[in-house]
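Before any comments, here is the structure.
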2 protein chains.
Amino acid sequence: MGLRQLHHFVTLVEQGSFARAASALHLSQPALTRSIQALEADLGPLIDRSYGKVRPTAAGMLALERARRMLREQRELRRDLQLLEEVEIGTIRAGFGPFAASFLLDPVLEALVRRYPHLRIDLETADTPAMRRSLEAERLDVFVGESRSLAELGHLQIDRLPALETAFFVRSGHPLARQREVTLAELRAYPVAGTRLPAHILRFFRQALHEASGGSGPVAEDAPGLMTITCNDMHALRSLLLAVDAVALVPVAMMADACARGMAVALPMHPPTELRAQYGIVSLAGRSPSPAMRAFTALVHEAVAQASGDAGP
Amino acid sequence: MGLRQLHHFVTLVEQGSFARAASALHLSQPALTRSIQALEADLGPLIDRSYGKVRPTAAGMLALERARRMLREQRELRRDLQLLEEVEIGTIRAGFGPFAASFLLDPVLEALVRRYPHLRIDLETADTPAMRRSLEAERLDVFVGESRSLAELGHLQIDRLPALETAFFVRSGHPLARQREVTLAELRAYPVAGTRLPAHILRFFRQALHEASGGSGPVAEDAPGLMTITCNDMHALRSLLLAVDAVALVPVAMMADACARGMAVALPMHPPTELRAQYGIVSLAGRSPSPAMRAFTALVHEAVAQASGDAGP
DNA sequence: AGGTGTTACGACAACCGTAAGTATC
DNA sequence: GATACTTACGGTTGTCGTAACACCT
């Protein structure tokens, strides 16, 4: 019993004659005869041939029912795979780190919904370690997050994004906004807000402050950090810095509009702080991406390009 | 895509490795690899191979669902066909002519129910022309009836039964019961009951009566027949002849018990009337019988043998 | 004769098992 | 080196089309 034979059988019954069925199947009559014979050799007599009239036997009626169901499943499987390929069905479970979420979540979500209205979408924001756990536990298909700390992990595949420019921002009326140059130490006169930072950035700030205050040698690990406020909701930080005389370390892309409207400015740090977050699209290695995931990845790249285009020149 | 390949695929996912699946399928490992490759060439990537771990992709999950349904339909088709063969499922729509019903319906129905408790049974009694129409309209699968009039019809298949002995019966106290011989003409002193008879029997009686009354030459077609009462319920006729001084033409087999208990006797006709009804199991030619129909046919033969054994010696 | 279905034959593709190869641990 | 899977090769089976055959109307 094979799907091909069953298809032949169903068509034969539906067409009512070997000749018509064979032509409907784009098959020669003898081939159809033999196909049916083979099926009957397997399942027993299925049709009564009485010269010109083709009628299913009792067994044939049973077979007809089941065969139709099998063939329908086959058609629907092909259809489902097609729809999956076109992202007409499917699910994407994606995470965004705080930085990425701040300027990627909105456009990516909008683009996803706009281009793939039937896709089931499950997004969340969390920090990199949490998302990494979710990914490994397969609660997540992919996440966009700080990826430097994951670079050596072989079981993760990282699609690196252009380095994410960050800077210290204040609102336009802020005292520091008037200075031609600002040092790290000067920031400490104000509340300094940002997300929880990766270890290497934390170390960089501690070291810089240590040196600025005339110290030398190793820095104490428990020395107070630069940040006085951490919050992983970047939009809250944005609102904060626009409302009060705080300083916030946020992605440039996120502040592009506020700067354009003269509401905020990036502080001209001295020495220049090269604060580039290494972000990437992280997924489990060795797993072929679903069409939905490929679509998601593409949209993230698009959104990044868009954002850096806005914020760049 | 073939059922074999789908089975391989499902087993592979269930077993979690090519090696285990191949052995579970009684297949060599390379054969399984190639089978899966062929399926994937058809449907796209279905599984992620990551050395030792076999996991379905998103497409694979869809395929798995559909494939399982198809394979279940396949198993159930085989099972249904087996059950049909064993008459554990199926339907029989059978008719009985009045004579046949009188002594076959009860035992055949009982035997059917006893041996094939799951068979759907649809029995009816009617006269031969009506049953023939039902058969041709496929409201009936088979009937047991007077078959001489159908012998030449090519589109009907007739499984002839032993000739059905009939005789004129009266109750023991009947005046005619005391005679050593009874002529047809003598019957006319009493109500004569029977079923509606086939044309050739009617002609035989008319001819005999005509000759007995001294006539010669052709008999008028509208001459009064022998029967004064016709009823196609043979049990009613039986009750009638046991209750009043009537004469009834009924099958011998039907009266065997009453005769044995001294309640009725067959009249010793002179000249002997060779009243043999030619009964048969009639079905449409060119249609292979369902298992249920074969079972029915066998049981009818059994019941006939049983009845003629009872009534015979 | 015309149409319908089956068998006969040669060619091609599918499938299998054995054996050799490749990659991962 | 051991294990898990893939590729290579030769043989069997399944499937096709063309052609010849058998049968019914």
Side-chain angles (χ1 to χ4, degrees), chain A residues 1-43 45-57 60 67 71 74 152-157 284-288, chain B residues 1-43 45-57 60 74 152-157 284-288:
Chain A
M1 169 172 18
L3 285 172
R4 179 184 297 131
Q5 291 170 340
L6 292 173
H7 184 209
H8 293 174
F9 170 64
V10 170
T11 305
L12 171 60
V13 173
E14 282 172 356
Q15 297 288 332
S17 99
F18 280 77
R20 274 197 298 280
S23 99
L25 288 164
H26 306 294
L27 206 66
S28 71
Q29 218 168 57
L32 180 60
T33 292
R34 271 174 285 121
S35 180
I36 298 298
Q37 282 172 339
L39 188 62
E40 287 187 304
D42 183 11
L43 299 181
L46 297 177
I47 60 174
D48 279 325
R49 308 147 161 79
S50 57
Y51 196 72
K53 280 167 197 159
V54 164
R55 306 217 13 170
T57 63
L71 294 171
Q74 186 192 25
E152 298 100 34
L153 274 55
H155 68 295
L156 298 182
Q157 165 168 342
L284 285 177
R287 307 212 52 176
S288 33
Chain B
M1 169 171 21
L3 285 171
R4 178 184 301 133
Q5 291 170 339
L6 292 173
H7 184 209
H8 293 174
F9 170 63
V10 170
T11 305
L12 172 60
V13 173
E14 282 172 355
Q15 296 288 333
S17 99
F18 280 77
R20 275 197 298 279
S23 99
L25 288 164
H26 307 293
L27 206 65
S28 70
Q29 222 168 59
L32 180 60
T33 291
R34 272 174 286 124
S35 180
I36 298 298
Q37 281 172 338
L39 188 63
E40 288 187 303
D42 183 10
L43 300 181
L46 298 177
I47 60 174
D48 279 324
R49 308 149 162 77
S50 59
Y51 197 72
K53 280 167 198 159
V54 164
R55 305 216 17 168
T57 61
Q74 185 191 27
E152 297 98 34
L153 274 56
H155 68 295
L156 298 182
Q157 167 168 342
L284 286 177
R287 310 211 49 177
S288 34

Give one of base, sugar-phosphate or nothing for Arg49(A), where a contact means two heavy atoms less than 4.0 Å apart.
-> sugar-phosphate
Taking atom CZ of Arg49(A) as the centre, does the number of heavy atoms from other residues, nucleotides or ligands within less than 6.0 Å exceed 12?
-> yes
What distance do Gln37(A) atom CD and Leu32(A) atom CG have between them, rounded to the nearest 0.5 Å?
-> 10.0 Å
Rounded distance in Å - NE2 (His26(B)) to P (dG17(C)) = 11 Å
Ser28(A) has its side chain closest, among dT18(D), dC16(D), dT6(C), to dT18(D)
Can you find a donor-acceptor pair, distance only, under 3.5 Å between Arg34(B) side chain and dG17(C) base?
-> yes
Given dT6(D), dC16(D), dT18(D), the nucleotide with the shortest approach to the side chain of Pro30(A) = dT18(D)
Let me know the distance between CD1 of Ile36(A) and P of dT4(C), rounded to the nearest Å.
-> 17 Å
Rounded to whole angstroms, how far apart are CG on Asp42(A) and P on dT13(D)?
-> 17 Å
Examine dA14(C): is either OP1 or OP2 under 4.0 Å from a nitrogen or oxygen in the side chain of Gln5(B)? Give yes or no.
-> no
Separation between CZ of Arg287(A) and OG1 of Thr57(B), rounded to the nearest 0.5 Å | 8.5 Å
For Leu27(B), which contact category applies under a 4.0 Å heavy-atom criterion: base, sugar-phosphate, or nothing?
-> sugar-phosphate
Most 5' of Ala19(B) and Arg4(B) on DNA chain D, judged by nearest nucleotide = Ala19(B)
Here the distance between atom P of dA23(C) and atom CZ of Phe18(B), to the nearest Å, is 17 Å
Could you tell me the separation between the CZ atom of Arg20(A) and the C1' atom of dG5(C), rounded to a whole number of Å?
-> 13 Å
Hey, what do you get for OG1 (Thr33(A)) to CZ (Phe18(A)), rounding to the nearest 0.5 Å?
-> 5.0 Å
If only side-chain N and O atoms of Thr33(B) are considered, is one of them under 4.0 Å from the OP1 or OP2 phosphate oxygen of dT6(D)?
-> yes
Most 5' of His8(A) and Gln29(B) on DNA chain D, judged by nearest nucleotide = Gln29(B)
